[in-house]
Amino acid sequence: FPVTIALLTVVVLLCFSSELWSQTVDISGNWVLDLGKSRLASSSKNFRGSIFIITKHNDNYRLLRYHMAGEKIKRIGFSLRADGQTRRLKILFKSKLERTSAGLVASIWRKNFSNVVTYNLGTEPNELVADEYFKSPKDSHHNIWVFKRVVTE
């Protein structure tokens, strides 16, 4: 009987701590890709880096993404609300952002296309890991993007 209570207590604490973590973790900031730590299955030949700028206001997240290849810089931006509700994104896509024990999961999809990215803090201070699964008729890949937060004092 005491073992059951102890086990139940541990399970409740784990559930509470993972829920608390997913509500309090802050991934906002300016993030620069660490190519040495990242595992990119798909990137262009001239790919030289990426910058993510993530801002948060309540449950609303805004991502500006800059991919640099050769002399070109490709910018894309979008906003998502972390409430798990499906919404339209850029007219063509459906999207949702949900909190899980693993972090924040951003999903963007339409017919024959999906991109699912789990964002969580890495093992080192000021490290962000974006674990991406992409699928379309022309490409399918799994990328693990590791970013370092730009810290200004």
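On a predicted model such as this, the values are computed, not experimentally measured, just so you know.
Residue Asn60 holds its CG atom at 9.5 Å from CG of Leu80, rounded to the nearest 0.5 Å. In this structure, NZ in Lys135 is found 13.0 Å from CG in Asn115, a value given to the nearest 0.5 Å. A distance of 9.5 Å separates CD1 in Ile27 from NZ in Lys56, rounded to the nearest 0.5 Å. Once rounded to the nearest 0.5 Å, the distance linking CG of Leu97 with CG of Leu63 reads 10.5 Å. To the nearest 0.5 Å, atom CZ of residue Phe93 and atom OG of residue Ser114 are 11.0 Å apart. Of the inter-residue distances, the one linking Arg149 atom CZ with Leu121 atom CG reads 7.0 Å to the nearest 0.5 angstrom.
Heavy atoms only, all atoms of each residue included: Trp109 and Lys96 are closest at CZ3-N, 3.9 Å. Summarising the geometry of Asn143 relative to Ala41, their closest heavy-atom pair is OD1-N, 2.6 Å, with the distance given to 0.1 Å. Summarising the geometry of Phe147 relative to Leu33, their closest heavy-atom pair is CD2-N, 3.4 Å, with the distance given to 0.1 Å. Nearest heavy-atom pair, Ala82 versus Arg99, reported as atom, atom and distance to 0.1 Å: O-NE, 4.0 Å. When all heavy atoms of Ser95 and Leu89 are compared, the closest pair comes out as OG-CB, 3.6 Å. What you find for Ser79 and Arg62 is that their closest heavy atoms are OG-CD, 3.1 Å.
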query = Would Tyr119 and Trp31 count as a side chain to side chain contact (heavy atoms under 4.5 Å, CB included) if you check the C-alpha gap in whole Å, the side-chain angles of each, and the deciding distance to 0.1 Å?
reply = CA-CA 12 Å; Tyr119 295 94; Trp31 301 92; over 6 Å; no

request  = Go through the steps for His141 and Glu132 under the test side chain to side chain contact (heavy atoms under 4.5 Å, CB included), then give the verdict.
outcome  = CA-CA 8 Å; His141 59 262; Glu132 173 194 40; 3.9 Å; yes

query = Checking side chain to side chain contact (heavy atoms under 4.5 Å, CB included) for the pair Arg75/Leu64: CA distance, chi angles, key distance, verdict?
reply = CA-CA 7 Å; Arg75 176 184 181 258; Leu64 289 175; 3.1 Å; yes

message = Pair Lys37, Glu127 - check side chain to side chain contact (heavy atoms under 4.5 Å, CB included), show working.
response = CA-CA 11 Å; Lys37 284 189 161 187; Glu127 185 176 75; 2.8 Å; yes

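Side-chain contact between Leu35 and Phe47 is present, with heavy atoms from C-beta onward closer than 4.5 Å. Residues Arg39 and Val146 are not in side-chain contact: their nearest non-hydrogen atoms beyond the backbone lie 4.5 Å or more apart. A 4.5 Å side-chain heavy-atom check between Leu104 and Tyr61 finds at least one atom pair inside the cut-off. Counting heavy atoms from C-beta on, the side chains of Val129 and Thr123 never come closer than 4.5 Å. Side-chain contact between Arg48 and Ile73: present, with at least one pair of heavy atoms (C-beta onward) separated by less than 4.5 Å.
Residue-environment remark: NZ (Lys148) exceeds the threshold of 12 foreign heavy atoms within 6.0 Å.
Cluster membership for Leu128 and Ile76, using ILVMFWY side-chain heavy atoms within less than 4.5 angstrom, is not shared. Residues Phe52 and Phe78 are members of one and the same hydrophobic cluster, defined by side-chain heavy-atom contacts under 4.5 angstrom among Ile, Leu, Val, Met, Phe, Trp and Tyr.
Using the six-membered ring where Trp is involved, Tyr133 and His142 have ring planes that are parallel, under 30° apart on the 30 and 60° scheme.
Panel note: side chain Lys90, backbone Gly77; a donor-acceptor pair is recorded below 3.5 Å. A donor-acceptor pair under 3.5 Å links the side-chain atoms of Ser50 to the main chain of Tyr66, judged by distance alone.
Screening Val151, Val150, Ile51 for a side chain to side chain contact (heavy atoms under 4.5 Å, CB included) involving Asn30 leaves a single residue, Val150.
Aromatic ring centroids of Phe134 and Phe113 lie under 6.0 Å apart.
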